[in-house]
Structures are given as structure tokens and as C-alpha cells.
Amino acid sequence: MDPGQVYDLLRNLTTPVVAITCARSGRKNGMISDGVIRAGILPDVPRLVVQIHKWHLTHEIIAETGRFAVHLLRRGQIDVVTRLGFVSGRERDKLALLPHHPGAGGTPILDDCYAWFDCTVLNRMDAGFATFFLGQAVDVGRGTGDEVLEPQHLRDALPPEYRALYQPNLEAARALARPLAELPHPSRT
Ligand SMILES: Cc1cc2nc3c(=O)[nH]c(=O)nc-3n(C[C@H](O)[C@H](O)[C@H](O)COP(=O)(O)O)c2cc1C
């Protein structure tokens with residue numbers, strides 16, 4: 001099948017748009033993801049999986065600290081996406097203008113969101129270009145809003161200057177991912 005068609009099919013598996021935050025020795029950061037999944041059915045054992053590309057500052061911090069927070073965003077929170085999802089924290093302090101407070105383990109929790117999950121890493125899987133971190137929420141909070149930000153809402157509401165950046169950013173990420181895609185075949189024994 002044509003790779004473009006394959007990606008169109010894969011995009012059906014996209015999840016709500018979330019902000020992922022982390023911190024290391026006072027250095028705070030955040031990024032955007034539309035690939036965070038629920039990883040269990042037990043309400044008293046809230047787990048989720050985030051997939052983070054290895055070249056992101058967020059990856060470096062989570063890999064080292066074993067902590068992150070996931071925030072479901074409200075439908076109107078496009079500004080959070082444009083602040084966190086289009087430039088690396090290596091270039092600027094992206095949380096400077098986003099009000100937040102420290103969670104129990106020091107991870108920044110955004111004051112304004114639909115809901116948040118403050119997590120510790122239980123396990124991790126090397127996916128070549130990314131790491132899948134399995135997190136367990138040690139604290140969960142509900143913010144405000146009636147509807148979470150879905151990818152289609154984002155596509156409809158993204159300002160033109162960011163819309164113009166979306167495809168070039170995706171292509172740049174693909175160029176970084178390509179040489180890291182190979183994984184050793186798992187042993188069958
Ligand atoms: C809608 C959207 C979804 C994204 N999903 C992911 C994702 O699932 N995993 C990932 O590693 N990066 C994802 N990104 C890219 C990062 O959010 C972005 O590159 C960010 O600037 C990385 O920041 P950092 O280097 O400060 O960690 C997404 C970006 C957008 C706009």
C-alpha cells in the first residue's frame with residue numbers, strides 16, 4: 001500500500017491532544033502529544049503510556065527522573081499546543097508563560113487544563129526512534145471544561161502560522177526517526 005495511505009489509516013489511532021510536563025533540578029519543560037494511551041482498566045491503578053521521540057528534551061528529562069505529568073486539554077486550549085508543541089525546550093523556557101505549580105514529586109502541573117495525571121515511570125520500552133514510558137499516576141486532578149481537545153479540533157483551530165509549520169516539523173521528525181527505526185528482531189526462543 002502507498003505509505004501516504006498507510007499513514008492516513010494510522011492517523012485513525014490518534015488520541016486526544018495532551019501536554020506532557022517534566023522537570024529536572026529546577027529545569028522545567030513540556031511538549032505536546034496525540035499518542036498517549038490508557039494502559040489498564042483498574043480505576044485504582046491508573047496507568048498510561050506515553051511515546052516520546054529520543055531527541056526531545058522531554059525524553060532526556062523523563063529518562064533521567066522517571067517522572068512526568070500528562071494533561072488532557074480543554075477544547076479551546078490551542079495556545080498551550082502552540083507554546084509547547086512547535087519548538088524545543090532546548091531553545092527556550094516553554095513553561096515560563098504557562099501558570100503551573102509543582103506536583104507532589106516536583107513535576108510541573110498546569111493550573112489550567114481539563115485534567116491531569118502526575119506519573120512515575122514503571123517500565124519503558126525501546127522503540128528505536130522513541131521510548132514508550134509506562135506511567136502510573138500517583139495523583140490525578142480534574143480541572144475545568146466540558147470537552148477535551150481532539151486532533152480534529154486542533155486541525156480546525158490552529159492559527160495559519162502554526163499550520164504552515166506542522167508539515168515541515170513532521171518531515172523533520174521523520175528524517176530524525178528514519179535512521180533510528182531499525183530494531184533487532186526479538187528472539188523466538
Ligand atoms: C499535535 C502534536 C502531536 C505530537 N505528538 C508527539 C508524540 O506523540 N511524541 C513525540 O515525541 N512528539 C510529539 N510531538 C512533537 C513535540 O511535542 C515537539 O517536537 C516538542 O517541541 C518537543 O519538545 P522538547 O524538545 O522541549 O521536549 C507532537 C506535536 C504536536 C503539535
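Both ligands and their constituent atoms are indexed starting at 1 by order of listing.
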### Query
Can a non-hydrogen atom of Lys94 be found less than 4.0 Å from any atom of ligand 1?
yes

### Query
Any chance CZ of Arg90 has more than 12 other-residue heavy atoms, nucleotides or ligands included, within less than 6.0 Å?
yes

### Query
Which part of Val17 is near ligand 1, with near meaning a heavy atom under 4.0 Å away: side chain, backbone, both or neither?
neither

### Task
Would you verify whether the NZ or CZ of Arg124 falls within 45 degrees of the ring axis of Phe132 while also being under 6.0 Å from that six-membered ring's centre?
no

### Summary
Of all protein heavy atoms, the one nearest atom 13 (C) of ligand 1 is Ile32 O, 3.2 Å

### Query
Hey, which atoms in ligand 1 end up nearer than 4.0 Å to a heavy atom of Ile52?
11 (O)

### Message
Which residue is it: Val81, Val18, Leu149? I am looking for the one with a side chain to side chain contact (heavy atoms under 4.5 Å, CB included) to Ile32.
### Response
Val81

### Query
Hey, are the side chains of Leu110 and His100 touching, using non-hydrogen atoms and a 4.5 Å cut-off?
yes

### Query
Is atom CG of Asp2 surrounded by more than 12 heavy atoms (other residues, nucleotides or ligands) closer than 6.0 Å?
yes

### Task
Count the heavy atoms of every other residue, nucleotide or ligand shown that sit under 6.0 Å from CD of Glu182, and state whether that count exceeds 12.
no

### Task
Flag Trp55 as yes when one of its N or O atoms lies below 3.5 Å from any N or O atom of ligand 1, and as no otherwise.
no

### Message
For atom 20 (C) of ligand 1, what is the closest protein heavy atom, and at what distance to 0.1 Å?
### Response
Leu84 O, 3.6 Å

### Query
To which protein heavy atom is atom 25 (O) of ligand 1 closest, and what is the distance rounded to 0.1 Å?
Ser88 OG, 2.7 Å

### Task
Keeping the roles fixed (side chain from Glu64, backbone from Arg24), state whether a donor-acceptor pair exists under 3.5 Å.
no

### Summary
among protein heavy atoms, the one nearest atom 27 (O) of ligand 1 is Thr58 OG1, 2.5 Å

### Query
How about Ile41: does its CD1 atom have over 12 heavy atoms from other parts shown lying under 6.0 Å from it?
no

#### Entry: Min heavy-atom dist Asp34 to ligand 1 below 4.0 Å
yes

### Message
Can you confirm whether more than 12 heavy atoms, excluding those of Lys28, are under 6.0 Å from its NZ atom?
### Response
no

### Query
Which atoms of ligand 1 have any heavy atom of Asn29 under 4.0 Å away?
24 (P), 26 (O), 27 (O)

### Message
Give me the nearest non-hydrogen protein atom to atom 9 (N) of ligand 1 as residue plus atom name, then the distance to 0.1 Å.
### Response
Gln51 O, 3.0 Å

### Message
Any nitrogen or oxygen of Val81, side chain or backbone, less than 3.5 Å from one on ligand 1?
### Response
no

### Task
Give the single entry among Arg155, Arg83, His56, Glu60 that approaches atom 12 (N) of ligand 1 most closely by any heavy atom.
His56

### Message
Please list the nearest protein heavy atom to atom 31 (C) of ligand 1 with its residue and the distance rounded to 0.1 Å.
### Response
Gly85 O, 3.8 Å

### Task
Could you tell me whether some N/O pair between Arg90 and ligand 1 is separated by less than 3.5 angstrom?
no

### Message
What I want to find out is whether Arg27 reaches Glu60 closely enough, with some N-O distance under 4.0 Å, to be called a salt bridge.
### Response
no

### Message
Using a plain distance cutoff, I'd like to know if Tyr166 has any nitrogen or oxygen under 3.5 Å from a nitrogen or oxygen of ligand 1.
### Response
no

### Task
Note the single closest protein heavy atom to atom 8 (O) of ligand 1, along with its residue, its atom name and the distance in Å.
Ser33 OG, 2.8 Å

### Task
Look at the rings of His53 and His56 and say which category their plane angle falls in: under 30° parallel, 30 to 60° tilted, over 60° perpendicular.
perpendicular

### Task
Tell me which protein heavy atom sits closest to atom 26 (O) of ligand 1, plus the residue, atom name and distance to 0.1 Å.
Gly89 N, 2.6 Å

### Message
How close do Asp118 and Gly105 get, counting heavy atoms only, and between which atoms?
### Response
OD2-N, 4.3 Å

### Query
Is there a heavy atom in Leu154 that sits closer than 4.0 Å to ligand 1?
yes

